[in-house]
Amino acid sequence: MMRPRPDLTVHAREIAPFLLGSLLTSRVGGIPVTVRITEVEAYGGVGEDPGSHAFRRETPRNATMFGPPGRAYVYFTYGMHWCLNVVTGPTGSAGAVLLRAGEVVAGVDAARERRVSARSDRDLARGPACLTSALGVTGECDGLNLLGTRSLLRLVLAEPVEVEHVGVTARTGVGGQGAGTPWRFFLLGEPSVSPYRRAAR
DNA sequence: CGGCCGATCCACT
DNA sequence: GTGGATCGGCCGA
């Protein structure tokens with residue numbers, strides 16, 4: 001049995017597994033696409049987590065992380081990809097949970113149009129940049145309130161998943177200091193969970 | 001399935 | 001100037 005779900009003001013590593021199974025709906029582009037979250041990673045705040053964008057200090061890019069919990073922190077990476085986080089912890093603590101993968105449960109056709117290269121439906125939102133692509137999420141979504149009833153991007157939390165269905169590993173793509181922290185959580189047996197990749201040297 | 005590599009650009013040093 | 005919370009194509013097994 002998993003404990004009752006805390007709210008988003010607790011530390012990212014604590015709330016992260018409770019985001020598994022939640023439903024994220026995007027109305028970007030008009031046609032709603034909904035993803036059931038199957039994989040997440042927690043990131044900490046200033047001076048706490050070398051793998052986090054907020055590790056050093058607040059900057060223009062990571063400013064949203066320093067705002068209130070429940071907002072979308074969206075950033076651009078590798079010259080072409082967007083990634084989506086849920087800001088967590090007390091305001092100013094700069095924690096976040098990266099949404100890494102999900103199962104598209106509504107709007108499959110719209111998602112497929114954005115993810116032409118996806119071989120099968122399970123690949124539509126398999127990986128953090130695939131997930132944002134399937135949902136049409138870009139930097140314009142940075143700062144959106146995910147808990148707003150009529151938000152362009154809305155996150156609806158699910159009932160806690162049984163712990164025996166949750167896998168835990170170190171984070172993907174995070175090397176150096178902070179590589180060891182087991183802050184990646186995923187639903188066991190879900191085809192949409194991205195393959196684990198150790199960070200490149 | 002796993003490994004290698006290029007794409008492409010912005011934030012930060 | 002450097003390198004990244006990545007992906008997809010191509011290769012070999």
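Order of the sequence lines fixes the chain letters, A, B, ..., with proteins taken first and strands second; residue numbering starts at 1 for each chain. All values derive from a computational prediction rather than experimental measurement.
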Engineer: When we call it a touch if two heavy atoms are under 4.0 Å apart, what does R119(A) touch: a base, just sugar-phosphate, or nothing?
Structural biologist: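 No contact.
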Engineer: Enumerate the residues from residues 128-143 of chain A whose closest heavy atom to DNA chain B is under 4.0 Å, giving them by residue number; use none for an empty result.
Structural biologist: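 The stretch gives none, as no residue of it lies under 4.0 Å from the strand.
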Engineer: Determine, answering yes or no, if Y75(A) is stacked on dA5(C) under the 5.5 Å centre rule and the 30° plane rule.
Structural biologist: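 Answer is no, no stack.
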Engineer: NA contact type, Y78(A), heavy-atom cut-off 4.0 Å: base, sugar-phosphate, or nothing?
Structural biologist: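 Result for Y78(A) = base.
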Engineer: If you count the non-hydrogen atoms of other residues, nucleotides and ligands that lie under 6.0 Å from CZ in R27(A), is the total more than 12?
Structural biologist: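 No, CZ of R27(A) has 12 or fewer neighbouring heavy atoms, counting only those of other groups under 6.0 Å.
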Engineer: Measuring from R57(A):CZ to F66(A):CZ, what's the distance to the nearest 0.5 Å?
Structural biologist: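 Atom-to-atom, R57(A):CZ and F66(A):CZ are 10.0 Å apart.
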Engineer: Does OP1 or OP2 of dG8(C) have a side-chain N or O of R126(A) closer than 4.0 Å?
Structural biologist: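 For dG8(C), neither OP1 nor OP2 has a side-chain N or O of R126(A) closer than 4.0 Å.
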Engineer: Could you grab the distance from atom CZ of R114(A) to atom CD1 of I31(A), nearest 0.5 Å is fine?
Structural biologist: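 Interatomic distance, R114(A) CZ to I31(A) CD1, rounded to 0.5 Å: 7.5 Å.
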Engineer: Membership question, hydrophobic clusters at under 4.5 Å side-chain separation (ILVMFWY): are L23(A) and L131(A) in the same one?
Structural biologist: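 No, separate clusters.
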Engineer: Mind calculating the distance between CE (M80(A)) and P (dG4(C)) to the nearest angstrom?
Structural biologist: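 Roughly 15 Å, once rounded to whole Å.
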Engineer: Could you spell out the base pairing of DNA chain C in dot-bracket, with Watson-Crick or G-U pairs whose two distances are under 3.5 Å, [ ] crossing and | to another strand?
Structural biologist: ||||.|||||||.
Engineer: Strictly below 4.0 Å: does S117(A) bring a side-chain N or O up to OP1 or OP2 of dG8(C)?
Structural biologist: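 It does, given that an N or O in the side chain of S117(A) lies less than 4.0 Å from OP1 or OP2 of dG8(C).
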Engineer: Provide the closest heavy-atom pair for T64(A) versus V87(A) in the form atom of the first, atom of the second, distance.
Structural biologist: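 Scanning both residues, the minimum pair turns out to be O-CG2, 3.6 Å.
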Engineer: After noting the C-alpha distance and the side-chain angles of R184(A) and T169(A), does the key distance pass the side chain to side chain donor-acceptor pair (under 3.5 Å) rule?
Structural biologist: CA-CA 5 Å; R184(A) 171 176 179 255; T169(A) 70; 3.1 Å; yes
Engineer: With a 4.0 Å limit, can you tell me whether H53(A) has a side-chain N or O closer than that to the phosphate oxygens OP1/OP2 of dA11(B)?
Structural biologist: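 False: H53(A) side-chain N/O out of range (4.0 Å or more) of dA11(B) OP1/OP2.
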Engineer: Look at all strands and tell whether R115(A) reaches a base, only sugar-phosphate, or nothing, counting heavy atoms closer than 4.0 Å.
Structural biologist: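 Answer is sugar-phosphate: R115(A) comes under 4.0 Å of backbone atoms only.
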Engineer: Report yes if a side-chain nitrogen or oxygen of R56(A) is closer than 4.0 Å to either non-bridging phosphate oxygen (OP1 or OP2) of dT13(B); otherwise report no.
Structural biologist: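 It does, given that an N or O in the side chain of R56(A) lies less than 4.0 Å from OP1 or OP2 of dT13(B).
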